[in-house]
Amino acid sequence: MGILSPGFRGRRQATSQQLPPGQYLTEDFPVLSAGPTPRVPPESWELVVTTESGEQHRWSWADLTALPSETPTVDIHCVTKWSKLATTWRGVSVDVLMAEIETAADFALVQSYGGYTTNLPLEDLLDGKAWIAYEYDGAALAPEHGGPARLLVPHLYLWKSAKWVHGIQLSLEDEPGFWETAGYHDYGDPWREQRYQGD
Ligand SMILES: Nc1nc2c(c(=O)[nH]1)N[C@H]1C(S)=C(S)[C@@H](COP(=O)(O)O)O[C@H]1N2
Ligand SMILES: [Mo]
């Protein structure tokens, strides 16, 4: 014993009532946006997944909301050090979208209405770890929190959960997004406190 600190492994489940290192609890829901809130009416909202070969797969709002949804209850962790435990969302698992897509890509660059981008390994979007979320706490997702729909990837710092999600570019190579280019960590695991490059 003693190599792993208590709780380092085996307690990474949602709603573990444990906080990653350096985080504090908040009850309210802060808004963090790098620019103005884009107003995207659901009728004109679209999600486009583009594969490494340039093939595009599109979902309208009607398409998305007709797919089977899930209501994950998860903890969320912002790199500015607030965490919120047991938040409940509704959304479509990224697995459902990817089921119809053939790709050999290892990476995803997620693109938002308004120009924000963030990158992550494709595997971090799969196997029940990520959703295209369109409800929060039983109500339509508010525009300032990313409505009509945002990515939700709760096992990584929340900057990876792109609000107003519009596109996912799949690729063989990792391409840094907005905060990653500005010096934030490429991966962003809160349990390993990967806040900045070099952490
Ligand atoms: N499109 C877009 N998505 C974004 C951001 C942003 O500025 N633009 N900020 C990120 C950051 S740094 C955080 S902490 C969370 C904040 O989500 P919230 O405003 O719903 O709390 O959104 C992430 N997704
Ligand atoms: Mo953040």
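Atom set for the values below is all heavy atoms of this structure, side chains included, hydrogens, waters and symmetry mates excluded. When a ligand or atom number is given, it counts from 1 through the structure's own listing order.
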ask   = Do any N/O atoms on P30 end up under 3.5 angstrom from N/O atoms on ligand 1?
value = yes
inquiry  = Quick check on E27: does its CD atom have over 12 non-hydrogen neighbours (other residues, nucleotides or ligands) under 6.0 Å away?
reply    = no
inquiry  = What protein heavy atom lies closest to atom 19 (O) of ligand 1? Include the residue and the distance to one decimal.
reply    = K163 NZ, 2.6 Å
message = So if I count the atoms of ligand 1 from 1 in the order they appear, which ones are less than 4.0 Å from some heavy atom of C78?
response = 14 (S)
Which segment of Y113 sits under 4.0 Å of ligand 1 when only heavy atoms are counted = neither
note = The atoms of ligand 1 lying under 4.0 Å from a heavy atom of W82, numbered in the order shown, are 21 (O)
message = Within the structure, is a non-hydrogen atom of G114 found at a distance of less than 4.0 Å from ligand 1?
response = no
inquiry  = Given Y196, which partner from the list Y184, Y187, Y157 fulfils the ring pair (Phe, Tyr, Trp, His ring centres under 6.0 Å) test?
reply    = Y184
inquiry  = Within the structure provided, determine whether W131 and S69 are in side-chain contact (heavy-atom separation under 4.5 Å).
reply    = no
task = Using a strict cut-off of 4.0 Å, indicate which atoms of ligand 1 neighbour a heavy atom of W164.
result = 1 (N), 2 (C), 8 (N)
note = among protein heavy atoms, the one nearest atom 11 (C) of ligand 1 is W159 CA, 3.6 Å
Separation of N119 CG from E180 CD (nearest 0.5 Å) = 4.0 Å
remark   = A162 heavy atoms within 4.0 Å reach ligand 1 at atoms 3 (N), 24 (N)
inquiry  = So H155 and D124, do their side chains get closer than 4.5 Å, heavy atoms only?
reply    = yes
query = Any heavy atom of G146 sitting closer than 4.0 Å to ligand 1?
reply = no
message = Less than 4.5 Å apart, side chain to side chain, heavy atoms only: is that true for V153 and K129?
response = no
query = Is there a side-chain contact between S112 and K163, using heavy atoms and a 4.5 Å cut-off?
reply = no
key: Atoms in ligand 1 flagged as close to A34, the criterion being non-hydrogen separation under 4.0 Å   = 6 (C), 7 (O)
message = Within the structure, is a non-hydrogen atom of Y136 found at a distance of less than 4.0 Å from ligand 1?
response = no
message = Does ligand 1 come near enough to S161 that some N or O of the ligand is less than 3.5 Å from an N or O of the residue?
response = yes
message = When you compare the side chain of L151 with that of L125, does any pair of heavy atoms fall below 4.5 Å?
response = yes
inquiry  = Suppose we measure from atom 18 (P) of ligand 1 to each protein heavy atom; which comes out shortest, and what is that distance?
reply    = H145 ND1, 3.5 Å
ask   = Does W59 reach the side chain of V96, with side-chain heavy atoms less than 4.5 Å apart?
value = no
message = I'd like to check which ligand 1 atoms, numbered from 1 as shown, lie under 4.0 Å from a non-hydrogen atom of S112.
response = 1 (N)
ask   = Given side chains that start at C-beta, do those of W61 and Y134 come closer than 4.5 Å, heavy atoms only?
value = yes
From the candidates L158, L141, T37, V165, the one that places a heavy atom nearest atom 13 (C) of ligand 1 = L158
message = Considering non-hydrogen atoms of the protein only, which is the closest contact for atom 9 (N) of ligand 1, and what is the distance?
response = L32 O, 3.2 Å
request  = State, with a plain yes or no, whether a side-chain heavy atom of L170 is found less than 4.5 Å away from one of I101.
outcome  = yes
message = Check for me whether R150 has a heavy atom closer than 4.0 Å to any atom of ligand 1.
response = yes
